[in-house]
Amino acid sequence: MSFLLLSCAGNSCARWTLRGHYRLGGPDPLDYVSMYRNLGNPALNVPEHWHYVSFGLSDLYGDNRVHEFTGTDGPSGFGFELTFRLKRETGESAPPTWPAELMQGLARYVFQSENTFCSGDHVSWHSPLDNSESRIQHMLLTEDPQMQPVQTPFGVVTFLQIVGVCTEELHAAQQWNGQGILELLRTVPVAGGPWLITDMRRGETIFEIDPHLQERVDKGIETDGSNLSGVSAKCAWDDLSRPPEDDEDSRSICIGTQPRRLSGKDTEQIRETLRRGLEINSKPVLPPINAQRQNGLNHDRAPSRKDSLESESSAAIIPHELIRTRQLESVHLKFNQESGALIPLCLRGRLLHGRHFTYKSITGDTAITFVSTGVEGAFATEEHPYAAHGPWLQILLTEEFVERMLEDLEDLNSPEEFKLPKEYSWPEKKLKVSILPDAVFDNPLH
């Protein structure tokens, strides 16, 4: 890595460049990150800060070496670059470089998974962004307040700004929605202000600074439900209604065998599930399994986080038409602690509002979608509430059963108070849920 000091519109700036770029066979997806000293806007109570801009998620060359060039009217590369605003400390003469490393990590995730981001998304980081003792340990994403989308010779580029948040603010974004929490952060100068500047020394959440903001979140959850329609997670499921040795069709964790992968069409339906789930005020509909998509990819629009379940391992290994939808009598759902803690959100924030919620395994092609009776297009029905299409399981829950589950799962709201493994069972519904240690998913043969 190297630094090049420049003069940028009267303000000092630095450029963080790389020696090991993807196109040269290296580990780094970004070409460079530019760092600017931004004087802020005193009239708007915007403090001086460092402004970081990535280069490389969009197409910089148009030669198909890194990104496929699809024309000037579509997205350039992944269609966006990342930005970040960090409060400048008194006496600081050069920008800290750790935000560039953070951007590289996020860009590496995008390149490796082909998942993209959009405004309102959240990133669970579980560590201080600068490796300090800071409470700022997670991220939200929003449009950069100064940088508008630009038309380039290789397509359109938008700019998504990283906003550092505390764990409590991340949880509020999950329970409600990211855009709502971003709006609250804009109203608190020390927590971001109008330009959402991250202060790594912030020691209080917005709810500690202004307790009335929690009331706004609670009211939003009650009125709107959650806008989070799915997560990548450590999860699995077993069909308890048939012998373990019967592996004619896929199961979630197949001990000693290789579980089948999601077909391209299944993957596309899950991606469409998330896309439609993220569209506010749209009627909840699961797209049909037999939707015609070329190679499981939707080429009709720019990719976004709304398509975030597409993965490099999702190519079909058996013809889609040969995978039949199976009705199951009894199922066992398995989650790690972090994923299990989201079950109340899934039930209260999604299903009670007539929506759906999907867990997509990060360790395989397993997917679990919870659907309410108001969701159209699901292959799980009230008559057959558990149904599987390959490794994709759908579970239809009635409102009455959801209310009961919420009562029985109350301790998931305080996961620090119970020990793993933890099991919940509803025998008359033939449903079992287990919260298990991470090691079970990291090493299924253990």
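Fair warning: this is a prediction, and the values are worked out from it, not measured in the lab.
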V231 and F357, any side-chain heavy atoms less than 4.5 Å apart: yes
Are M103 and S54 packed together at the side-chain level, in the sense that at least one heavy-atom pair is separated by less than 4.5 angstrom? yes
In terms of heavy-atom contacts, S124 and L170 come closest through OG-CD2, 3.7 Å
Quiz question: by atom type and distance under 3.5 Å, do the side chains of T205 and E169 form a donor-acceptor pair? no
Is it true that, when you exclude N64 itself, more than 12 heavy atoms of the residues, nucleotides or ligands shown sit nearer than 6.0 Å to its CG? yes
Between F401 and K429, is there a cation-pi geometry (under 6.0 Å to ring centre, at most 45° from the normal)? yes
Which word best sums up how the rings of F84 and Y52 line up, parallel for under 30°, tilted for 30 to 60°, or perpendicular for over 60°? tilted
Under 3.5 Å, side chain of T223 to main-chain N/O of G220, donor-acceptor pair present? no
R186/E183 ion pair, N-O < 4.0 Å: yes
Under a 4.0 Å threshold between the charged nitrogen and the carboxylate oxygen, would E208 count as salt-bridged to R135? yes
For D28, is there an ion pair with R108 - N to carboxylate O distance below 4.0 angstrom? yes
Quiz question: by atom type and distance under 3.5 Å, do the side chains of D365 and W392 form a donor-acceptor pair? no
Does E423 come within less than 4.0 Å of K334, counting only side-chain N to carboxylate O? no
Checking R355, Q175, Q174, R350 against L228 for side-chain contact (heavy atoms from CB on, under 4.5 Å), the one that qualifies is Q174
